[in-house]
There are 2 protein chains.
Amino acid sequence: MSKARLPIPEPEPARIFAALGDRTRLSLLTRLSDGQPRSIAALSVDTNLTRQAVTKHLHVLEEAGIVRSTRIGRESRFTYRPEPIAEAKSYLDRVTAQWDDALLRLKHFVEDDPGGGRSA
Amino acid sequence: MSKARLPIPEPEPARIFAALGDRTRLSLLTRLSDGQPRSIAALSVDTNLTRQAVTKHLHVLEEAGIVRSTRIGRESRFTYRPEPIAEAKSYLDRVTAQWDDALLRLKHFVEDDPGGGRSA
DNA sequence: AGAAAAGGCAACTTATTGGTTGCATATCCG
DNA sequence: CGGATATGCAACCAATAAGTTGCCTTTTCT
C-alpha cells in the first residue's frame, strides 16, 4: 500500500503566512480573490516587475495552495483557492481565543478575589 | 507642525504576515498569547536554538508589533500585543468577503439567466 | 508559412534570513 | 566583593528569496 498522493500538499500555517508576507503577492491575491482566473500576462500588467518575477510570486502562492494554475492553450490561468486562507484565519482565531481566554481568567480572578490574593 | 511620532509603527499586513511565516515564531507566538510576559531565557528553553536566535525571532515579532519588550532589571520581558493579529484577520476577512461576493454574483447570474447567457 | 503572443527554463546577482560564536555589559545574590 | 544570571552587540556564514536577462518552445492568428 503506497501512501495516496495528495493533489495539494496541505501546507502548514507557516508556509501560508510566509506566502502572504509580501506586498506583491498580497496584491496578486486581492486581484485573484474575485474568482476570475487570469493569465500571467494579465497579472503582469499594472506592475513594474518583469513577467518572470510575477511568475515566481505566483508559484510561491501556488505552493502554499492559495492559487491553482491550469494551462489552457498557450496561457496558464491562475485561480484563487479559498482553503488556505480559511486555514490561516482559523489559526489566528485560535491565537485570539487563547488571548481572550487569558483575559477572561484574569477578570474572574480579580472579581472572585477582591483582595488580589495577597494574604498580608 | 511635525508629524506626531507613532510609538508603534503600525506595520502593514505584509510585514505582519511575514513575521508569522516561520514555525519558530509561530511557536513563540502561541506561547506568548496566553498573556504571560516572558523573558528571553524562559522562551529559549524547550528549543534547540541558541538564545541569540530566539532573540532575533522575538525582534522580528516586535517590529511587526506582535509583541512588545520591556526591560525589567536584568531581563527583558516580551508581551503579546493583539492588535496586529486582529489586523491580519481583518485583512483575510476582506479577501474572503470579496471571494464570497463573487460567488454570490455568480449564483445570481446563473439563477436569473437559466440559458447561461448564450444567445445561440 | 511566418510573425506575434504567452510561457517555461536556466544562469546569475544582490539582499535578506536564520543561525552561529565570541565577547562585553548589566544585575542579582550570598 | 565576586560569581552566576540575563542580555546586548558585532562579525560571520550558508541558504533562500527577489529580481533580472537571455534563449527556447508552444500556440494563435492572418
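It should be emphasised that the depicted structure is a prediction, and the values quoted were computed from it without experimental measurement. So you know, we letter chains A, B, ... as the sequences are listed, proteins then strands, and number each from 1.
- With hydrogens and angles ignored, no donor-acceptor pair under 3.5 angstrom links the side chain of B/Arg74 to the base of D/dT7.
- In this structure, B/Arg38 contributes its side chain and B/Arg31 its backbone to a donor-acceptor pair below 3.5 Å.
- Using a 4.0 Å heavy-atom criterion, one finds that A/Ala53 contacts the bases of the nucleic acid, with or without backbone contacts as well.
- At D/dG19, one or more side-chain N or O atoms of A/His57 fall inside 4.0 Å of OP1 or OP2 (strictly under the cut-off).
- One can place CG of B/Leu58 at 14 Å from C1' of D/dA6, the figure rounded to the nearest angstrom.
- A salt bridge does not link A/Glu87 with A/Lys89: none of the charged nitrogens is closer than 4.0 Å to a carboxylate oxygen.
- Counting all heavy atoms, side chain and backbone alike, A/Thr47 lies closest to A/Leu43 at CG2-O, 4.3 Å.
- When each of A/Arg71 and A/Lys56 is assigned the nucleotide of DNA chain C bearing its nearest heavy atom, the one mapping closer to the 5' terminus is A/Arg71.
- Salt-bridge formation is detected for the pair A/Arg23/B/Glu12: a Lys NZ or Arg NE/NH1/NH2 atom is positioned less than 4.0 Å from an Asp or Glu carboxylate oxygen.
- Taking hydrophobic clusters as Ile, Leu, Val, Met, Phe, Trp and Tyr residues chained together by side-chain heavy-atom distances below 4.5 Å, A/Leu29 does not share a cluster with A/Val60.
- Using a 4.0 Å heavy-atom distance criterion, B/Arg23 is classed as making no nucleic acid contact.
- The nearest pair of heavy atoms linking B/Ala19 to B/Leu61 is O-CD2, 4.0 Å.
- Here the closest heavy-atom approach between residue B/Arg68 and residue B/Glu62 is recorded as C-OE2, 4.3 Å.
- Candidate nucleotides D/dT21, D/dT7, D/dG8 were compared by shortest atom distance to the side chain of A/Thr50, and D/dT21 ranks first.
- Ring-plane geometry between B/Phe17 and A/Phe17 is classed as parallel, the angle between the planes falling under 30 degrees on a 0 to 90 degree scale with a further cut at 60.
- Taking 4.0 angstrom as the limit, A/Arg25 places a side-chain polar atom (N or O) nearer than this to OP1 or OP2 of D/dA18.
- Tracing side-chain contacts under 4.5 Å through hydrophobic residues (I, L, V, M, F, W, Y), one never reaches B/Tyr80 starting from A/Leu106; they form parts of separate clusters.
- Taking atom CD of A/Gln52 as the reference point, atom P of D/dA17 lies 19 Å away to the nearest angstrom.
- Residues from residues 26-38 of chain A that place a heavy atom under 4.0 Å from any atom of DNA chain D: there are none.
- Distances shorter than 4.0 Å separate some side-chain N or O of B/Ser39 from OP1 or OP2 on D/dT7.
- Taking atom CD1 on A/Ile72 and atom P on D/dT26, their separation rounds to 19 Å, with Å as the unit.
- Read 5' to 3', the first and last nucleotides of DNA chain C with an atom closer than 4.0 Å to a heavy atom of chain B are C/dG18 to C/dC28.
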